[in-house]
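Throughout, a chain's letter reflects where its sequence line sits, starting with A, and its residues are numbered from 1. The structure presented is a predicted model; accordingly, all values stated were derived computationally and were not measured.
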Amino acid sequence: MNEAEFLARWHSEKAFYESWGRYVKAEIERILLENNPGLDLDIFLKIAKPPRSKNDESLLDKAFHRDKNYEDPYLEIEDKIGLRFVVLLTTDIAKLQTAVEKSSQWSASLDKDYEREREARPTEFAYQSKHYVLKSARDLQIDGATIPANTPCEVQLRTLLQHAHSELTHDNIYKTESGNVVSTKVHRTVARSMALIEAVDDYFELAIEQLFEATAPERQALKELVTIYEARIGRQPGLAKSNRLVLSAFPKFLDGGLREKIEALLSKFPFIVQNIQDRYASQHSFRQPWILLAYLAVQTTPEQTQEAWPLTPEEIKPVYVDLGKRWG
Amino acid sequence: MQLINLSVSRLVLHEVSKRTDDKKKVIPEYGDACEVLDNAALDALRDRIAVAMTHSDRCVEMTIVNKSAASMVALVDRLVDHDEALFVTDSRGVADLLADAQRSRAIPGGIVVVFNGTVGVPAQRFIGIIKAEVHNGFMRELRDGRQVLKFLDKLLLTPQTKLYKIGFFLESDPASEDLALGWKAFIYDETMTAKNKYGAAQYFYDNFLGLSFPESSARHTKQFHDLTKDFIQNLNAPEDQKIDLHNALVTYLRVDQSPTVETTAFATAYFGEAEIRDAYQAYMTQKGFPDTAVNKDLGDLAASLKLRKLYFRNQVRLSGPAEKFEKLVTIRVVDAVNPAQNEPLRWTEIIVKDQILSQE
């Protein structure tokens, strides 16, 4: 196969390769959402790019000019179409891996695994990323095109920091033409930055863990508030960010017994339930579970609640009026 | 007062003018229907009423004295059972009573708002009466596609509390034959001060509403003093701070110009920490002190407010004129010098800003 034949075939097949790439992306995202209910892909995926097919020049370059010794370069080049997912944390990579390995539409092989490389070369700090090659499991009909069995698609999984490292080094070091000498000094510097990145990735993970632990009482309390809201108000509460703000402003109320205290208050003052129901349609704040905590806080410690109140006065004043407490 | 679960249902407006030059009564302009308010407007109205009457030192429970057939409480007693049409017509009587009561030309006219609703748990019925003076202001308005300034010359019930007075009748015992027992009455009047308590606002609470200040004022003022004193004494705070708070209590009762004593007002003025304010109010409520303001009457307290007294464990006593005590004496808690075992670790340093007059 010469360069012209190679390109002719590529041009005739490029369209279905691109359909295949889009399909793989959609399928991985679908499984991600299925495995992780409530996940916001816009937040989870830090860099959203459509699948990328290799341009003619770099294909020819790889096929014929880099001493790769391919028998059939067209079939053996498996990243003619490629996808990249960039996430914040190494645990996010694990979620992606599960999604990649779960689909029955393709077979997945992990061709480059930084974890295995770390084990194999513990003293080395080099380019890190997970590269999968997915091959369609059978002939697939996608967007009106037939994707033949065994059509490859490369999927790279990286953290943001690994991505940053790769952006710095890829064109400069790993793709250097043979014979181009990169000084040992530069290699050393790059290895140092990789070591740092690995450490920072670990710290990020630790920070998220600690944050998760620190907000455990808030999350538990929010869960309880949602349960009470659904049961007593009989409507679906909203989950605006204001909930976190209000809950973190009143840590004293989040220790045990929150549920009992609110239930007791609602039994003593049934009008609270009525008022929340009446305002549900027209007032955002009365749709948030924190409104229940607000009634409890205003009733028991009106002065402290006013001092600690994290949102605008307008959002809490009706509660003061309802309970006959003074604001201001 | 505690206006928990306040809900307003009907609302009628009438306009009362001040008297003519020859002091003749002007017939009020009567409203002929209930006002229809949306949620936001009702919330604002509730807010006005709550700000005025909830834990306010200008809101006092009154004694109903005029119970005649032509009195306000008799009218209120009829209004509360009326359907909407009758409520509108009979509420004119409220405007008439006010026009009668405003005998001086110095008293401005205004809008009389008569409203009913329920309050409390379980809900009790009430009739409320607001006399709102009109003032003016501006608003931005979209006209022909651009913002223009519009002058409003009959603005009422803005958050400017000085411009309204409220009478509030709460049905306490519907079965009672005696109207004075069947209803509780409260007034709110921002312009009420220690000096004109029985003067300026009298046309409103007396001639118009038929109320007087209760005779229990002296007893309640003493109760306020005693309870607050105990609270301060038991407060988990440094002795220095307690000295200041005891002085503050005397100041609040003897010097402060407020016509009433009221727990929130005292707490806001003298307790720096919200936690102590909450604890104080919970304590006063639990001890049964009224949640309205109490007309300040020092009759039962005269003796105890005259002298400020401090007693020490070693039998030393210090006393002085309460009113100026903090100016005449400085008191400081200091560490004891080489205290022996079982001796106190803290001493009190007292500076009397004068020379000794005589000794015994």
Hey, are the side chains of [X] and [Y] touching, using non-hydrogen atoms and a 4.5 Å cut-off?
{"X": "B/Q2", "Y": "A/K325", "result": "yes"}
{"X": "A/R326", "Y": "B/T268", "result": "yes"}
{"X": "B/R46", "Y": "A/D322", "result": "yes"}

Just wondering, more than 12 heavy atoms not from [X] lying within 6.0 Å of its [atom1]?
{"X": "A/E34", "atom1": "CD", "result": "yes"}
{"X": "B/K184", "atom1": "NZ", "result": "no"}
{"X": "A/K261", "atom1": "NZ", "result": "yes"}
{"X": "A/R219", "atom1": "CZ", "result": "yes"}
{"X": "A/E213", "atom1": "CD", "result": "no"}

**Message:** For chain A, which candidate among B/T264, B/N39, B/I49 shows the most heavy-atom pairs at distances under 4.5 Å?
**Reply:** B/T264
**Fill in**
Note: vs chain A, highest number of non-hydrogen pairs under 4.5 angstrom among B/Q281, B/R277, B/M53 is B/R277
**Interface moiety of B/S7 toward chain A, non-hydrogen atoms closer than 4.5 Å** = neither
**Message:** Is B/A50 in contact with chain A via its backbone, its side chain, both, or neither, using a 4.5 Å heavy-atom distance?
**Reply:** side chain
**Message:** So which residue, A/W327, A/F271, A/Y320, ends up with the most heavy-atom pairs under 4.5 Å with chain B?
**Reply:** A/F271
**Item:** Contact winner vs chain B - A/P302, A/P318, A/A308, heavy-atom pairs under 4.5 Å
**Value:** A/P302
**Prompt:** If you measure from CG on B/D278 to CD on A/Q306, what distance do you get to the nearest 0.5 Å?
**Reply:** 10.0 Å
**Prompt:** How long is the span from the CG atom in B/N5 to the CZ atom in A/F269, to the nearest 0.5 Å?
**Reply:** 8.5 Å
**Asked** Shortest non-hydrogen contact from A/G324 to B/T54?
**Response** O-CG2, 2.8 Å
**Asked** Looking only at heavy atoms, which two atoms of B/V121 and A/K268 are closest? And how far apart?
**Response** CG1-O, 3.5 Å
**Message:** Can you tell me which portion of A/Q304 sits under 4.5 Å from chain B's heavy atoms? Options are side chain, backbone, both or neither.
**Reply:** both
**Prompt:** In terms of heavy-atom proximity below 4.5 Å to chain B, should A/S282 be classed as side chain, backbone, both, or neither?
**Reply:** side chain
**Prompt:** Yes or no on salt bridge (charged side-chain N to carboxylate O under 4.0 Å, His left out) for B/D43 and A/R279, after CA distance, side-chain angles and deciding distance?
**Reply:** CA-CA 11 Å; B/D43 263 354; A/R279 291 172 185 152; 3.7 Å; yes
